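Only one structure is covered here, and it is reproduced in the block below.
Computed from a predicted model, the values in this text were never measured in an experiment. Because only heavy atoms are used, hydrogens play no part in the values below, and waters and symmetry mates are left out as well, while side chains stay in.
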Amino acid sequence: MIAFVSGPVAALTPTLAVIEVGGVGMAVQCTPNTIAGLRTGESARLATSLVVREDSLTLYGFADDDERQVFELLQTASGVGPRLAQAMLGVHRPDALRLAVESGDEKALTAVPGIGKKGAQKLLLELKGKLGAAPVVGAQRAPAASGPAPWTEQLTAALIGLGYASREAEDAVDAVTPQAEAAIAAGGAAPVPQLLRAALQTLNRTR
C-alpha cells in the first residue's frame, strides 16, 4: 500500500493532482477541498489510499491521515465505493461526517450527490459507531449572514489553487452563485465539485 506521496506539485485539475516522486508523476484523485490547498510548483504531502481493481490502479489523496482513514471506513458500508466515499468527503469534513452519523442526520448525507433518502437511512445504520467519536458541539454556529458561505471559500480557494487570479476566482464564484442557491433552497448543500466545473467553464468562456 502507498501510505503517502510527497514532492513538488507538477500539475493540478479540479479533481486530480500530479505529484512528482523520484522523477515519476503520481496521479492522485483528490476532492476540491484538497486541491484548494495545493499550488503548482510547491512541495506537498498527501496521505493516500490505493484502490486496486482488475483493470485499474487508482490512487486517492487526502489532506491528512484522518481523512484517509474515514475514506476507508466509509467503504465498509455496503454500496459505498471509493468514488462515493470521496464524494462524501468532498461535501463534509471527517468530523462533520462523524457528527452526522452519530446524530442520525439524514439530511446531511442526502446533501451528497448520489445518496438518496433510503440510502442515507441505510448508511446511518451501517456506519453507526464505525467512524470514531463525534466532535463535541459547543456554542451554536454563527448565522450564515455573518460571513461568506463555506462553499464560496472552498470554491475560491480551489480556483486560486488552479492558478486563477483572486479577481477571476471571485467573478466565477459570483457566476455560479444562483446554481448553488438553488441547490440549498431545495434542501441540500452547495455541490462544490459541480460548481467548480461550472466555474471553470465560465472562466474558459471569458478568456
Original post:
Are any non-hydrogen side-chain atoms of V18 and L12 less than 4.5 angstrom apart?
Top reply: no
**OP:** Please list, chain by chain and in numerical order, all residues satisfying salt bridge (Lys or Arg N to Asp or Glu O under 4.0 Å) with K117, sequence neighbours excluded.
**Re:** E106
**OP:** Evaluate salt bridge (charged side-chain N to carboxylate O under 4.0 Å, His left out) for D64 paired with R68, printing each intermediate quantity in order.
**Re:** CA-CA 7 Å; D64 53 42; R68 177 187 60 197; over 6 Å; no
Subject >> Closest non-hydrogen atom pair between L38 and A44, with its separation >> reply: CD2-CB, 3.6 Å
Original post:
Hey, does the side chain of S56 reach the backbone of V52 with a donor-acceptor pair shorter than 3.5 angstrom?
Top reply: no
Original post:
Between P14 and L196, what is the shortest heavy-atom contact and its length?
Top reply: CB-CD2, 3.6 Å
**OP:** List the atom of A198, the atom of Q179, and the distance in Å for their closest heavy-atom pair.
**Re:** CB-OE1, 3.7 Å
**OP:** Starting at CD of Q29, measure out to OG of S49 and round the result to the nearest 0.5 Å.
**Re:** 12.5 Å
**OP:** Kindly compute the distance separating OG1 (T202) from CD (E168), expressed to the nearest 0.5 Å.
**Re:** 12.0 Å
Original post:
Run the side chain to side chain contact (heavy atoms under 4.5 Å, CB included) check on L46 and T34 step by step: do they pass?
Top reply: CA-CA 9 Å; L46 295 176; T34 300; 3.7 Å; yes
Original post:
With hydrophobic residues grouped by side-chain heavy-atom distances under 4.5 Å, do L73 and V101 end up in a single group?
Top reply: yes
Original post:
So do the side chains of Y164 and L203 get within less than 4.5 Å of each other, counting heavy atoms only?
Top reply: yes
Original post:
Are R98 and D66 close enough for a salt bridge, meaning some N to O gap below 4.0 Å?
Top reply: yes
Original post:
Run the side chain to side chain contact (heavy atoms under 4.5 Å, CB included) check on L74 and L131 step by step: do they pass?
Top reply: CA-CA 8 Å; L74 288 171; L131 302 184; 4.2 Å; yes
Original post:
Does T48 use its side chain to pair, donor to acceptor, with the backbone of I2 at less than 3.5 Å?
Top reply: yes
Original post:
Do V21 and V9 belong together in a cluster built from hydrophobic side chains that touch within less than 4.5 Å?
Top reply: yes
Original post:
Roughly how far, to the nearest 0.5 Å, is SG of C30 from CZ of F62?
Top reply: 8.0 Å
**OP:** Determine whether L99 and V91 fall in the same hydrophobic cluster, where Ile, Leu, Val, Met, Phe, Trp and Tyr are linked whenever their side-chain heavy atoms lie under 4.5 Å apart.
**Re:** no
Subject >> Close side-chain approach of T58 to L50, heavy-atom, < 4.5 Å >> reply: no
Subject >> Note, V80 side chain near L123 side chain (heavy atom, < 4.5 Å) >> reply: yes
**OP:** Apply the test side chain to side chain contact (heavy atoms under 4.5 Å, CB included) to residues T177 and E181: give CA-CA distance (whole Å), side-chain angles for both, the deciding distance (0.1 Å), then the verdict.
**Re:** CA-CA 6 Å; T177 293; E181 291 178 342; 3.4 Å; yes
Original post:
So how far is it from N33 CG to L89 CG, rounded to the nearest 0.5 Å?
Top reply: 9.0 Å
**OP:** Using modelled atom types only, decide if a donor and an acceptor are shared between the side chain of R39 and the backbone of A36 within a distance under 3.5 Å.
**Re:** yes
Original post:
In Å, rounded to the nearest 0.5 Å, how long is the span from CG of L97 to CZ of R93?
Top reply: 11.0 Å
Original post:
Is any side-chain heavy atom of K130 less than 4.5 Å from a side-chain heavy atom of T76?
Top reply: yes
**OP:** Would you kindly confirm whether V5 and V24 end up in one hydrophobic cluster when ILVMFWY residues are joined by side chain heavy atoms under 4.5 Å apart?
**Re:** yes
Original post:
What heavy-atom pair brings E67 and P94 nearest, and what distance separates the two atoms?
Top reply: CA-CG, 3.9 Å
**OP:** Flag yes if V51 and L57 sit in one hydrophobic cluster, no otherwise; membership is Ile, Leu, Val, Met, Phe, Trp, Tyr, and two members link when side-chain heavy atoms are under 4.5 Å apart.
**Re:** no
**OP:** Determine whether more than 12 heavy atoms belonging to other residues, nucleotides or ligands lie under 6.0 Å from atom CZ of R83.
**Re:** no
Original post:
With distance as the sole criterion, is a donor-acceptor pair present between the side chains of S78 and E126 under 3.5 Å?
Top reply: yes
Subject >> Sub-4.5 Å side-chain heavy-atom contact between F71 and P82 >> reply: yes
**OP:** Report yes if the side chains of T15 and T31 come closer than 4.5 Å at any heavy-atom pair, otherwise no.
**Re:** no
Original post:
With a 4.5 Å heavy-atom cut-off, do S6 and I19 have their side chains touching?
Top reply: no
Subject >> Steps toward side chain to side chain contact (heavy atoms under 4.5 Å, CB included) verdict (V70, M88) >> reply: CA-CA 10 Å; V70 171; M88 293 171 75; over 6 Å; no
Subject >> Minimum heavy-atom distance G129-E102, with the two atoms named >> reply: N-OE2, 3.0 Å
**OP:** Looking only at non-hydrogen atoms, find the nearest pair between T40 and A10 and report the distance.
**Re:** CG2-O, 3.8 Å
**OP:** Quick one: pull up CD in Q121 and OG1 in T110 and give me the separation to the nearest 0.5 Å.
**Re:** 10.0 Å
